[in-house]
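Notes for the one structure printed next.
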Amino acid sequence: WGPAAEPDQEDTLALQQDTARLRAAIAELPEKQRDLVKHAYFGELSHSEIATETGLPLGTIKSRIRLALERLRHDLK
């Protein structure tokens with residue numbers, strides 16, 4: 001209990017590097033995939049909410065997000 005310990009510099013640096021790699025990998029996604037990933041993970045919208053907002057079919061949303069996540073997994077190995 002008490003105040004949380006400060007993260008050590010190594011952990012902080014690793015997190016900053018991981019964040020930069022993720023940001024770069026997301027930037028490399030095709031625009032249609034990138035926009036949907038941002039809506040889902042940064043905008044915290046459900047797939048159904050994204051479909052309503054964009055007018056795209058739900059299956060298209062799911063497919064594009066799945067493809068984007070597969071590409072990110074590959075790029076971030």
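Atoms considered below: every heavy atom in the structure, side chains included; atoms not considered: hydrogens, waters and symmetry mates. Computed from a predicted model, the values in this text were never measured in an experiment.
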List in chain and number order the residues that pass side-chain contact (heavy atoms from CB on, under 4.5 Å) with R21, two or more places apart in sequence or in another chain; answer none if no residue qualifies.
-> D18, L76
Is it possible for you to say whether L58 and L45 belong to one hydrophobic cluster, with membership spreading through side-chain heavy-atom contacts below 4.5 Å?
-> no
Provide the closest heavy-atom pair for V37 versus A68 in the form atom of the first, atom of the second, distance.
-> CG2-CB, 3.5 Å
Minimum heavy-atom distance between L72 and I26, given as atom pair plus value = CD2-N, 3.8 Å
Could you name each residue pair satisfying side-chain hydrogen bond (donor to acceptor under 3.5 Å, both in side chains) that touches residues 53-74, not counting sequence neighbours?
-> H39-E53
Supply the atom-to-atom distance Q33 CD to L69 CG, rounded to the nearest 0.5 angstrom.
-> 9.0 Å
I61, L56, L36 screened by side-chain contact (heavy atoms from CB on, under 4.5 Å) with H47, the one that passes | I61
For L67, what are the other residues in its hydrophobic cluster, where any two members join if their side-chain heavy atoms are less than 4.5 angstrom apart?
-> none
Rounded to the nearest 0.5 angstrom, the CD-CD distance for E49 and E44 is 10.5 Å
Please name all residues satisfying side-chain contact (heavy atoms from CB on, under 4.5 Å) with T52, sequence neighbours left out, ordered by chain then number.
-> none
Show every donor-acceptor pair shorter than 3.5 Å between a side-chain atom in residues 3-14 and any protein atom, with sequence neighbours excluded, or say none if there are none.
unit_1: D8; atom_1: OD1; unit_2: E10; atom_2: N; d: 3.4
unit_1: D8; atom_1: OD1; unit_2: D11; atom_2: N; d: 2.8
unit_1: T12; atom_1: OG1; unit_2: D8; atom_2: O; d: 3.2

